[in-house]
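Here's the structure we're looking at; comments come further down.
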Amino acid sequence: MPTPIVAATCPVPQCNLAPRDVEGLVADLATYVDAFGPDFSRKDQTAWAHRYLQGLVSAHPRKSIEPMALVHGFPIRSMQAFIGESPWRTAPLVQRHQQLVAQTLGEDDAVILVDESGMPKQGQHSAAVAHQYCGALGKLANCQVGVYLGYASRKGYTLLAGQLFVPEGWFADDHATVRDEVGMPDNVTFKTKPELAVDLVREVLTHKAVPARWLAADALYGDSPAFRDAIADVGLWYFTEVA
């Protein structure tokens, strides 16, 4: 696994939780998952979401399905089915998350942060995988890349939304078979990373999910006049790097 790159200006927060604090978080996690219950198609999906989150927040270093299921004694096939086959919509869950962010961290002058993140991949059959820049490795590599929105206020920070970036080569005729294999919807079209970011910001503001005044982004987005104009058009003040 690659070593995470953490800038000196943004150190990892110190954690000084006592055992009793951790025990209290068990109940907090259950309460948190229950808030999303109405957004799942079936009641059992809420239970599987709880188990999946237990795996993600555990101390086990490998966060893929099989290792997490084995450590916690969950049926591997059932957890795989929940993530890969069970029908549930992402949008209502994201909107519920954003409502919780507004309730706990929301401030009128908060900042929406735009950035990308890469996930190294070994094979060629994951959706949108390609040889492209991977920030986790600091170089060009075989990976998936997502465009993400963060949220920061005086009360804290978190993620708001994200979208997988699909490289233009994936829409070529020679990728038709693999598009079908990974289940890519037919209505997906090529969009640049700044275009994806604008779509995400517009969606957040359209739903009036969280209050915000500012948007910040690096040169990948700031170098796009269309991106800056679009952010101004939706009513945010922006602070971007320009190469």
| remark: Value for CH2 (Trp48) from OG (Ser86), rounded to nearest 0.5 Å, stands at 10.5 Å
| query | Are Trp214 and Val210 connected in a single hydrophobic cluster, I mean Ile/Leu/Val/Met/Phe/Trp/Tyr linked by side-chain heavy atoms less than 4.5 Å apart? | reply | no
| said: Would a single hydrophobic cluster contain both Val188 and Phe190, if residues Ile, Leu, Val, Met, Phe, Trp and Tyr are joined by side-chain heavy-atom contacts under 4.5 Å? | reply: yes
| With a 4.5 Å heavy-atom cut-off, do Val111 and Arg213 have their side chains touching? | no
| request: Please report the closest heavy-atom contact between Ala35 and Asp39, naming both atoms and the distance. | output: O-OD2, 4.1 Å
| field | Main-chain N/O of Glu195 paired with Thr192 side-chain donor or acceptor, under 3.5 Å | value | yes
| Would you say the side chain of Pro38 lies within less than 4.5 Å of the side chain of Arg96, judging by non-hydrogen atoms? | yes
| said: I need the minimum non-hydrogen distance between Met184 and Ala128, along with the two atoms involved. | reply: CE-N, 4.4 Å
Side-chain atoms of residues 113-125: list all donor-acceptor pairs with protein atoms under 3.5 Å, sequence neighbours left out, distances to 0.1 Å.
{"unit_1": "Glu116", "atom_1": "OE1", "unit_2": "Lys193", "atom_2": "NZ", "d": "3.1"}
{"unit_1": "Glu116", "atom_1": "OE2", "unit_2": "Lys193", "atom_2": "NZ", "d": "3.3"}
{"unit_1": "Gln124", "atom_1": "NE2", "unit_2": "Asn142", "atom_2": "OD1", "d": "3.1"}

| Straight-line distance of Met68 CE to Ile83 CD1, nearest 0.5 Å | 7.0 Å
| request: Considering non-hydrogen atoms only, spot the tightest contact between Phe36 and His97 and give its length. | output: CE2-N, 3.7 Å
Tabulate below the donor-acceptor pairs under 3.5 Å that side-chain atoms of residues 222-239 make, not counting sequence neighbours, or state none.
{"unit_1": "Asp223", "atom_1": "OD1", "unit_2": "Ala243", "atom_2": "N", "d": "2.8"}
{"unit_1": "Ser224", "atom_1": "OG", "unit_2": "Phe227", "atom_2": "N", "d": "3.1"}
{"unit_1": "Arg228", "atom_1": "NH1", "unit_2": "Gly222", "atom_2": "O", "d": "2.3"}

| To the nearest 0.5 Å, what is the distance between OG (Ser58) and CG (Leu53)? | 11.0 Å
| Going from NE2 on His207 to CD on Gln99, what distance comes out if it is rounded to the nearest 0.5 angstrom? | 9.5 Å
| field | Tyr151 side chain near Leu105 side chain, heavy-atom distance below 4.5 Å | value | yes
| note | Note: Gly106 and Lys155 closest approach over all heavy atoms is O-NZ, 3.5 Å
| request: Examine Val147 and Val166 and state if one hydrophobic cluster contains both, with Ile, Leu, Val, Met, Phe, Trp and Tyr joined whenever side-chain heavy atoms are less than 4.5 Å apart. | output: yes
| Linking I/L/V/M/F/W/Y whenever their side-chain heavy atoms sit closer than 4.5 Å, directly or via other members, would Val57 and Leu93 fall into one cluster? | yes
| Tyr148 versus Leu160: any side-chain heavy-atom pair under 4.5 Å? | no
Contacts under 3.5 angstrom, residues 196-204 side chains, donor-acceptor by atom type, not counting sequence neighbours:
{"unit_1": "Asp199", "atom_1": "OD2", "unit_2": "Lys191", "atom_2": "NZ", "d": "2.5"}

Side-chain polar contacts of residues 176-183 - donor-acceptor pairs under 3.5 angstrom, sequence neighbours left out - could you list them?
{"unit_1": "Arg179", "atom_1": "NH1", "unit_2": "Trp170", "atom_2": "O", "d": "2.8"}
{"unit_1": "Arg179", "atom_1": "NH1", "unit_2": "Ala172", "atom_2": "O", "d": "3.0"}

| task | Decide if atom CG of Asp21 counts as having more than 12 heavy atoms of other residues, nucleotides or ligands within a radius under 6.0 Å. | result | yes
| Minimum side-chain heavy-atom gap Cys134-Gln144 below 4.5 Å | no
Under 3.5 Å, side-chain donor or acceptor atoms of residues 27-34 against the rest of the protein: list the pairs with distances, not counting sequence neighbours.
{"unit_1": "Thr31", "atom_1": "OG1", "unit_2": "Ala27", "atom_2": "O", "d": "3.1"}

| query | What are the two closest heavy atoms between Glu107 and Ser153, and how far apart are they? | reply | OE1-CB, 3.3 Å
| Phe82-Trp88 aromatic ring centre distance below 6.0 Å | yes
| query | Are Leu149 and Leu159 close enough that some pair of their side-chain heavy atoms sits under 4.5 Å apart? | reply | no
| query | What residue pairs, at least two apart or across chains, pass salt bridge (charged side-chain N to carboxylate O under 4.0 Å, His left out) with a residue in residues 57-79? | reply | Arg77-Glu85
| said: Using side-chain heavy atoms (C-beta onward) and a distance below 4.5 Å, is Pro19 in contact with Val22? | reply: no
| query | With a 4.5 Å heavy-atom cut-off, do Gln54 and Val26 have their side chains touching? | reply | no
